[in-house]
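Down below is the structure, laid out as structure tokens.
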Amino acid sequence: MKPSVKELFEKYRNNLYAAAFNICGNAADAEDVVQDTFIQYYLLKKEFDNEQHIRAWLIRVAINKAKNTNRTFWRRNKVPLEEYIETLTFETPESEELFETVMKLPEKYRIVIHLFYYEDYTVHEIADILRITESNVKVRLSRGRGMLKETLREEWEDDE
């Protein structure tokens, strides 16, 4: 039996929002993407194998909708990254700095870093979600980590 939209919304809305914000870069568009994703699920006449399949499908749809939002001409009410970061709470100043650095990565690296570290997906699952090869996911993770390391090293050296 297909889980209800309400159940899935309660369980996955924050994950979908984070993935959508990661791509859109603003809260309003990310919220729209989450709503549109659940509407599409509600209207879908498809049976899923299990809840992991549903979760992966929801993430995939949210990512696609977020990318489509970025392609639209009307990118209204865009909130600068600095304003959004002010609304978040971080456990340490280092975790805030890391989040800011991740958000500045190019999209193709940022999304694999997000799915791997924040959503705890495996390389295989990320490859399925993004419809790319596992080796491509590994390359993007490696390059993204390298960019993070370089950027953070420069910032730490500047602080000395």
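As the structure is a prediction and not an experimental result, all values here were calculated from the model. Positions are given from 1, in the same order as the sequence printed here.
Using bins of under 30°, 30° to 60° and over 60° for the plane-to-plane angle, the ring pair Phe38/Phe9 lands in the perpendicular bin.
Atom OH of Tyr42 is surrounded by 12 or fewer heavy atoms from other residues, nucleotides or ligands within 6.0 Å.
For the pair Arg145 and Tyr117, the cation-pi test (distance below 6.0 Å, angle within 45°) is failed.
Pairing each heavy atom of Ala30 with each of Tyr17, the nearest pair is CB-CE1, 3.6 Å. Between Tyr109 and Arg140, the closest heavy-atom pair is CD2-O, 3.3 Å. In terms of heavy-atom proximity, Tyr121 sits nearest to Phe116 at O-CD1, 3.4 Å. Minimum interatomic distance between Leu8 and Ile54 (heavy atoms only, all atoms of both residues): CD1-CG2, 3.7 Å. Residue Ile113 comes nearest to Gly144 through the heavy atom pair CD1-C, 4.0 Å, listed as atom of the first residue, atom of the second, then distance.
With Arg110 as the fixed residue, the side chain to side chain contact (heavy atoms under 4.5 Å, CB included) test singles out one of His114, Lys108, Glu107: Glu107.
Put simply, Tyr118 and Val34 are part of the same group of oily side chains (I, L, V, M, F, W, Y) that touch within less than 4.5 Å, one to the next. With hydrophobic clusters built from ILVMFWY side chains whose heavy atoms lie under 4.5 angstrom apart, Val5 shares a cluster with Val61. Ile23 and Val33 fall into different hydrophobic clusters, defined by Ile, Leu, Val, Met, Phe, Trp and Tyr side-chain heavy atoms under 4.5 Å apart, directly or through other members.
With rounding to the nearest 0.5 angstrom, the CG atom of Asn15 is 10.0 Å from the CG atom of Leu115.
Arg55 has its side chain out of reach of Leu58: every pair of non-hydrogen atoms, C-beta onward, lies at least 4.5 Å apart.
Put simply, the side chain of Thr69 gets close to the backbone of Lys65: a donor and an acceptor are under 3.5 Å apart.
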Can you give me every donor-acceptor pair (side chain of residues 122-132, partner residue at least two apart or in another chain, under 3.5 Å) with its distance?
{"unit_1": "Thr122", "atom_1": "OG1", "unit_2": "Glu125", "atom_2": "N", "d": "3.1"}
{"unit_1": "Thr122", "atom_1": "OG1", "unit_2": "Glu125", "atom_2": "OE1", "d": "3.4"}
{"unit_1": "His124", "atom_1": "ND1", "unit_2": "Glu134", "atom_2": "OE2", "d": "2.7"}
{"unit_1": "His124", "atom_1": "NE2", "unit_2": "Asp128", "atom_2": "OD2", "d": "3.4"}
{"unit_1": "Glu125", "atom_1": "OE1", "unit_2": "Thr122", "atom_2": "N", "d": "2.9"}

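Applying the side-chain contact (heavy atoms from CB on, under 4.5 Å) test to Asn50 and every residue at least two apart in sequence or in another chain returns Gln52, His53.
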